[in-house]
2 protein chains.
Amino acid sequence: MNERAQHLLRVLIDRYIREGEPVGSRTLARDSRLDLSPATVRNVMSDLEEMGFVAAPHTSAGRIPTAQGYRLFVDSLLQIQPLDTLQVEQLRQELLAEEADSSRLIESASNLLSDITRMAGVVTLPRHEHVALRRIDFLPLSQNRILVILVINEKEVQNRIIQTDRTFSASELETIANFLNAHFAGRDIHAVRSHLIEEMQQTRQDMNELMLSVVSVAEKVFTEEEGDDEDYVLAGQTNLMQFRELSDVEKLRELFEAFNRKRDILHLLDQCICANGVQLFIGEESGYQVLDECSLVTAPYSVEGEVIGVLGVIGPTRMAYDRIIPIVDATARLLGAALNSKN
Amino acid sequence: MNERAQHLLRVLIDRYIREGEPVGSRTLARDSRLDLSPATVRNVMSDLEEMGFVAAPHTSAGRIPTAQGYRLFVDSLLQIQPLDTLQVEQLRQELLAEEADSSRLIESASNLLSDITRMAGVVTLPRHEHVALRRIDFLPLSQNRILVILVINEKEVQNRIIQTDRTFSASELETIANFLNAHFAGRDIHAVRSHLIEEMQQTRQDMNELMLSVVSVAEKVFTEEEGDDEDYVLAGQTNLMQFRELSDVEKLRELFEAFNRKRDILHLLDQCICANGVQLFIGEESGYQVLDECSLVTAPYSVEGEVIGVLGVIGPTRMAYDRIIPIVDATARLLGAALNSKN
DNA sequence: TCTTAGCACTCAATCAAATGGAGTGCTAAG
DNA sequence: CTTAGCACTCCATTTGATTGAGTGCTAAGA
């Protein structure tokens, strides 16, 4: 595939992204500034079509890029200029607009992505490789239920209600909490759990009742912690409704249901967690039919060098990749930094 | 307006709700079982149209109900049979499917509504008339920030990060927390606040530093508490995308944006809080253009006789009111009961 | 061998006219 | 008050014609 063909492909895609209409040979010949006749361009197009980079919606329409065409485009034809510092600074301002805990930050990031790209933004919740217990508290409720308040990773609060076999008094619970806090504050929560279980087995015989209670309660708490499935925050779904190429309500519905179902999208995002930079799924590349007309631009975000999540933008395949890619990239860095600074 | 006209209107609306197509005089004459000729029916229709209960999309189409027509229909023509105990029991099961705190209950309810009606479900967060402080805890973070954990109303946990003027040590914070817990546990949070402020003014001169700290921290906490704006949980938006009458993408987009904006919808829901039972907004009645093609069926829910929120269903004006109304009604009762039992 | 002009051809989109059918309004008679 | 009859309206669908953009192919030129 020669230089000229690549150039023409680039011009075609550029124009198609801007105008949204199939590009014919005459237009392309003019746009390319190559001083070629439409006929020659047609020959080139014919080749490109054979190679699968462009396609014609019908016999007498111009050509539009295929997913494969876009792929070549972003991989080798596209030069993306990184955002200048001013823009990055603006992004940072917006992201840090409010005094924010991590979950609010995630939401901000998602909104930010959708707002500035005018497409849908998505950010996975950060996964914690090691969950350090900072503090645990119990409050008795009625009917053998206990409200457990868990502070983890310095500043994240989780609470849940657990059901126990017997009634614990307030003072009992306080004792248990004190014990756990004294012995395990700062330690990894899974380590705590296994440690407790081990301890239980070793000292089974002479275990006092308190210890037993600690274990049984802690078990409950930490087990349920496990079930904390991964998840993401989506913003700007409605932005997707203004694109001509996504104007079929039924298709749109299926797309939105996929967003609600979350599983497929999560699966895709998971794949991006190991890419060390911006990664794209263009059209059918995703492997999910609902996303056939969409592209997903993602970047992992990390704290202290460790990747803890992925964020990205979802829009029609016909999107301004050169603009979107640096935005996603920068947002990922900023989010990582923000999560870090708030430690 | 005579008996016969009412009967015909009822039959027309019944049929229109089922079939979704304008009903002509011939069909209506047959359906009504009144042994009338189409011509007679036409005369009646003409009257009904003049009175504003039905309208013809165009000259040679049948008639469809107007908002006013639906209004008369639900107010005096419709007999809704309450759900039987079996169905109610099923509802209850689903609502209580999991060990749930109140926010999860709200979500369940919303999902439940959208699932069984196949439309959109909406539930406002319960507002707390009096917010009783059960427990307050502080954890120091870096940079003069403090993590505040607030347990209110026996079992709801809120946390926020506040910024203070000076650094508080862990032990200082503990002292403050102890003070607050000892003096104010169980009291209304607003009472606590005003009490603190009052105290501050009375003892301004000889106030010790601790007391000052307590007040300044508490002020921050309780002030921000104020900003806890009302909100709702929406489910099943996508269900709305399958209705023919809502198939215009642009309109749909506006509707969804209204859902995101929340303000207008909240305003509507607020109006329902004082109705003592199911309330409807049919089509234009809502006063919001985006809802022109929609109806909103709501019911307030209450705990211990006090209304604390509203739930409802949003769908096209052409909905099976006889089925929806009792569902909304029952769900409101069940949610109230569930919130109560979990006390 | 590559490029290009020329030409026939295809196909979507648009428009106009024709047709059918569902349903109405009106009128006059029962 | 009811109803049959009739003229009329309007939508929906089909059909055919027209247009224009763009293609593929071929043969001639560089």
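We name chains A, B, ... by the order of the sequence lines, and we start the count at 1 in each one. Note that the structure is predicted; figures quoted are calculated from it, not measured.
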DNA chain D: 5'-proximal contact among S60(A) and E49(A) (nearest heavy atom)
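Taking each residue's closest nucleotide, the earlier one in sequence belongs to S60(A).
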Verify the contact: side-chain N or O of [X] to OP1 or OP2 of [N], cut-off strictly under 4.0 Å; return yes or no.
| X | N | value |
| --- | --- | --- |
| R4(A) | dT3(C) | yes |
| T59(A) | dA12(C) | no |
| T40(A) | dC2(C) | no |

When you look at S25(B) and R42(B), which way does the side chain to side chain donor-acceptor pair (under 3.5 Å) test go after all the steps?
CA-CA 6 Å; S25(B) 55; R42(B) 280 204 286 280; 3.2 Å; yes
Atom [atom1] of [X] to atom [atom2] of [N]: distance rounded to whole Å?
| X | N | atom1 | atom2 | value |
| --- | --- | --- | --- | --- |
| L28(A) | dA21(D) | CG | P | 17 Å |
| E50(B) | dC26(C) | CD | P | 10 Å |
| H58(A) | dT10(C) | NE2 | P | 15 Å |
| R63(A) | dT23(D) | CZ | C1' | 7 Å |
| N2(A) | dT1(C) | CG | P | 16 Å |
| R26(B) | dG21(C) | CZ | C1' | 11 Å |
| M45(B) | dT2(D) | CE | C1' | 15 Å |
| N43(A) | dA27(D) | CG | P | 15 Å |

Across the strands shown, which category fits A61(A) at heavy-atom distances under 4.0 angstrom: base, sugar-phosphate, nothing?
sugar-phosphate
Examine F53(B) together with F73(B) and report whether their ring centres are nearer than 6.0 Å.
no
Run the ring-centre check on Y288(A) versus F281(A) and record whether the distance is less than 6.0 Å.
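No - the distance between ring centres of Y288(A) and F281(A) does not fall below the 6.0 Å cut-off.
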Considering Watson-Crick and G-U wobble pairs with both distances under 3.5 Å, what does dC2(C) pair with?
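Checking every strand shown, dC2(C) finds its partner in dG29(D), with both distances under 3.5 Å.
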Pairing nucleotide - dT27(C), Watson-Crick or G-U, each distance under 3.5 Å
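The base-pairing partner of dT27(C), which may sit in any strand shown, is dA4(D).
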Please tell me which of the listed nucleotides, dG25(C), dC25(D), dT4(C), lies nearest to the side chain of R42(B)?
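Closest of the options to the side chain of R42(B): dG25(C).
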With no hydrogens and no angle check, do the side chains of Y232(A) and S110(A) hold a donor and an acceptor under 3.5 Å apart?
no
Consider only side-chain N and O atoms of Q279(B) and T298(B), and report whether a donor and an acceptor are under 3.5 Å apart.
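No, no side-chain donor-acceptor pair sits under 3.5 Å.
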